[in-house]
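Reading through the structure tokens given below for one structure.
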Amino acid sequence: MADSHRSGSRTIGEPSRPAISARGLCKTFNSSGARIDILDRVDIDLSAGQTLAVVGPSGIGKSTLLHILGTLDRPDRGRLLYLDNDVLLLDDDHLARIRNESVGFVFQFHHLLAEFSAIENVMMPLLINGQGRGSAREAAESIMARVGLKDRMHHRVGMLSGGEQQRGALARALVRKPMALLADEPTGNLDQRNSEQVHELLMELNRELAMIMVVVTHNHSLAALMQQRVTIQDGKLTDAG
């Protein structure tokens with residue numbers, strides 16, 4: 001990790017060519033007429049295979065940062081480079097396509113669609129992108145076997161345990177082998193045993209796929225596994241130890 005000399009900047013991995021680079025991200029909200037600067041000129045570089053935990057109390061902007069890095073939200077100002085291309089210059093349709101190809105998301109709730117089987121849920125990002133059903137099913141079967149769902153592929157979501165549902169969400173996030181996995185409290189709804197299993201799986205997959213992994217979490221055990229831990233103070237990134 002090498003820090004930039006600019007205030008609030010954090011660089012992870014090799015500084016020469018980060019896979020994701022944000023510059024001058026600003027995001028402001030209004031609350032009861034008062035302006036709140038959630039992100040204030042945030043810079044961050046993320047290189048392939050690197051892991052980062054964003055920790056701290058609720059309301060400081062952790063999820064906002066994650067959503068902007070994943071293009072689910074746009075900053076008020078700033079640039080967001082994916083492999084040197086500023087994706088914020090794209091219209092919403094093109095941005096959605098880049099997001100589908102480049103980023104996998106896992107949230108506290110699995111967000112699997114109950115009317116479909118587990119494998120149909122995992123296939124969905126590929127089908128949305130126009131991939132044929134045969135190759136989509138093959139890719140889904142491969143990643144589901146890797147996350148321990150080989151014997152549960154054809155079960156409806158409601159027939160899966162909480163841990164299995166979150167593994168299904170992880171498989172869906174990774175079926176396209178994205179360059180980044182962004183996770184917001186990925187084990188927040190799981191008991192300790194299932195949480196530890198998912199934590200171990202996340203780290204194994206990070207190493208195998210050489211993907212960026214950014215995790216927003218209150219879970220100290222998960223945060224401790226990351227190469228770097230940061231928090232947000234007065235809208236700026238600071239080391240969290």
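Here the structure is a predicted model, which is why all the values come from computation and not from measurement.
- Atom CG of D191 has more than 12 neighbouring heavy atoms from other residues, nucleotides or ligands inside a 6.0 Å radius.
- Here L46 contributes atom CG and L52 contributes atom CG; the two are 6.5 Å apart, rounded to the nearest 0.5 Å.
- V103 and G70 get closest at one heavy-atom pair: CG1-CA, 4.4 Å.
- Formation of a donor-acceptor pair under 3.5 Å by the R176 side chain with backbone atoms of A173 is not found in this model.
- Of all heavy-atom pairs between M159 and R152, the closest is O-NH2, 2.8 Å.
- Under a cut-off of 6.0 angstrom, the local environment of CD in E101 is crowded, with over 12 non-hydrogen atoms contributed by other residues, nucleotides or ligands.
- Looking at V106 and D184, their side chains never come closer than 4.5 Å, going by heavy atoms from C-beta outward.
- Atom CD of E185 and atom CG of L222 lie 8.5 Å apart (nearest 0.5 Å).
- Nearest heavy-atom pair, A140 versus I119, reported as atom, atom and distance to 0.1 Å: CB-CG1, 3.9 Å.
- Using a distance-only test at 3.5 Å, with no hydrogens or angles considered, a donor-acceptor pair links the side chain of E164 to the main chain of S161.
- The side-chain heavy atoms of L205 and L170, taken from C-beta on, include a pair separated by under 4.5 Å.
- Checked by atom type and distance alone, the side chain of T231 pairs as donor or acceptor with a backbone atom of V55 at under 3.5 Å.
- Looking only at side-chain heavy atoms (C-beta outward), F29 and T64 come within less than 4.5 Å of each other.
- Using modelled atom types, no side-chain atom of N129 and backbone atom of Q131 make a donor-acceptor pair closer than 3.5 Å.
- Side-chain contact between N206 and L181 is absent, with no heavy atoms from C-beta onward closer than 4.5 Å.
- In this structure, H218 places its NE2 atom where more than 12 heavy-atom neighbours from other residues, nucleotides or ligands lie under 6.0 Å away.
- Side-chain contact check for S117 and E120: at least one donor-acceptor pair (N or O, by modelled atom type) lies under 3.5 Å.
- Note on L202 and L190: same hydrophobic cluster, where clusters join Ile, Leu, Val, Met, Phe, Trp and Tyr whose side-chain heavy atoms are under 4.5 Å apart, directly or indirectly.
- Under a hydrophobic-cluster definition in which Ile, Leu, Val, Met, Phe, Trp and Tyr are linked whenever side-chain heavy atoms come within less than 4.5 Å, directly or via other members, M179 and M213 are assigned to different clusters.
- To the nearest 0.5 Å, atom CD1 of residue I212 and atom CG of residue L69 are 9.0 Å apart.
- Counting heavy atoms from C-beta outward, I36 and N30 have side chains that stay 4.5 Å or more apart.
- In terms of hydrophobic clustering, with Ile, Leu, Val, Met, Phe, Trp and Tyr side chains grouped at heavy-atom distances under 4.5 Å, L237 and I20 are assigned to a common cluster.
- Side-chain atoms of T28 and D37 form a donor-acceptor pair, as typed in the model, at a separation below 3.5 Å.
- With D43 contributing its side chain and G24 its backbone, the two residues share a donor-acceptor pair below 3.5 Å.
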Worksheet item: Does the pair Q228 and D239 meet the rule for a side-chain hydrogen bond (donor to acceptor under 3.5 Å, both in side chains), with working shown?
Response: CA-CA 8 Å; Q228 187 185 3; D239 287 325; 3.1 Å; yes

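- The aromatic rings of F107 and H111 sit perpendicular to each other, their planes meeting at more than 60°, with 30° as the lower class boundary.
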Discussion item. Please determine whether side-chain contact (heavy atoms from CB on, under 4.5 Å) holds for the pair L149 and H155, giving the CA-CA distance in whole Å, both sets of side-chain angles, and the decisive distance to 0.1 Å.
Written reply: CA-CA 10 Å; L149 292 179; H155 288 68; over 6 Å; no

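- No continuous path of ILVMFWY side-chain contacts below 4.5 Å connects M124 to V122, so the two sit in separate hydrophobic clusters.
- Annotation: side chain of V157 is in contact with side chain of H110 (closest heavy-atom distance under 4.5 Å).
- The backbone N or O of D40 lies less than 3.5 Å from a partner atom in the side chain of K236, making a donor-acceptor pair.
- Listed for the R79 side chain is no donor-acceptor partner under 3.5 Å among the backbone atoms of D86.
- When every heavy atom of P178 is checked against every heavy atom of S102, the shortest pair comes out as CB-O, 3.3 Å.
- L174 is not listed as a side-chain neighbour of V147, based on a closest heavy-atom distance of 4.5 Å or more.
- To the nearest 0.5 Å, atoms CG (L182) and CE (M211) are separated by 10.0 Å.
- By the criterion of side-chain heavy atoms lying less than 4.5 angstrom apart, applied directly or through intervening Ile, Leu, Val, Met, Phe, Trp or Tyr residues, V216 is grouped together with L72 in one hydrophobic cluster.
- A salt bridge links D45 with R23; the closest basic N to acidic carboxylate O contact falls under 4.0 Å.
- Using a 4.0 Å cut-off between a side-chain N of Lys or Arg and a carboxylate O of Asp or Glu, R74 and D92 qualify as a salt bridge.
- Rounding to the nearest 0.5 Å places CG of L126 at 8.0 Å from CG of N100.
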Worksheet entry | Steps toward side-chain hydrogen bond (donor to acceptor under 3.5 Å, both in side chains) verdict (Q50, S47) | CA-CA 6 Å; Q50 300 302 303; S47 297; over 6 Å; no

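- Nearest heavy-atom pair, L25 versus L65, reported as atom, atom and distance to 0.1 Å: CD1-CD1, 4.3 Å.
- With no hydrogens or angles considered, no side-chain donor-acceptor pair links N189 and Q165 at under 3.5 Å.
- In this structure, R41 contributes its side chain and G235 its backbone to no donor-acceptor pair below 3.5 Å.
- Note that OG1 of T71 is 8.0 Å distant from CG of L88, once rounded to the nearest 0.5 Å.
- Between A136 and L127, the shortest heavy-atom distance links the atoms CB-CD2, 3.9 Å.
- In this structure, K27 and D73 have side chains that are in contact, with non-hydrogen atoms separated by less than 4.5 Å.
- Taking the charged nitrogens against the carboxylate oxygens, R146 and E208 do have a contact shorter than 4.0 Å, which makes a salt bridge.
- Counting only distance, with no hydrogens or angles, the side chain of E200 and the backbone of Q197 share no donor-acceptor pair below 3.5 Å.
- For the side chain to side chain donor-acceptor pair (under 3.5 Å) test with T187, the passing option among Q166, H199, Q108 is H199; the others fail.
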Item to complete: Give the C-alpha distance, both sets of side-chain angles, the deciding distance and a yes or no for side-chain contact (heavy atoms from CB on, under 4.5 Å) between E204 and R207.
Response: CA-CA 5 Å; E204 290 175 357; R207 291 190 293 269; 3.6 Å; yes

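- Remark: side-chain polar atoms of N85 are not paired, donor with acceptor, to backbone N or O of V87 under 3.5 angstrom.
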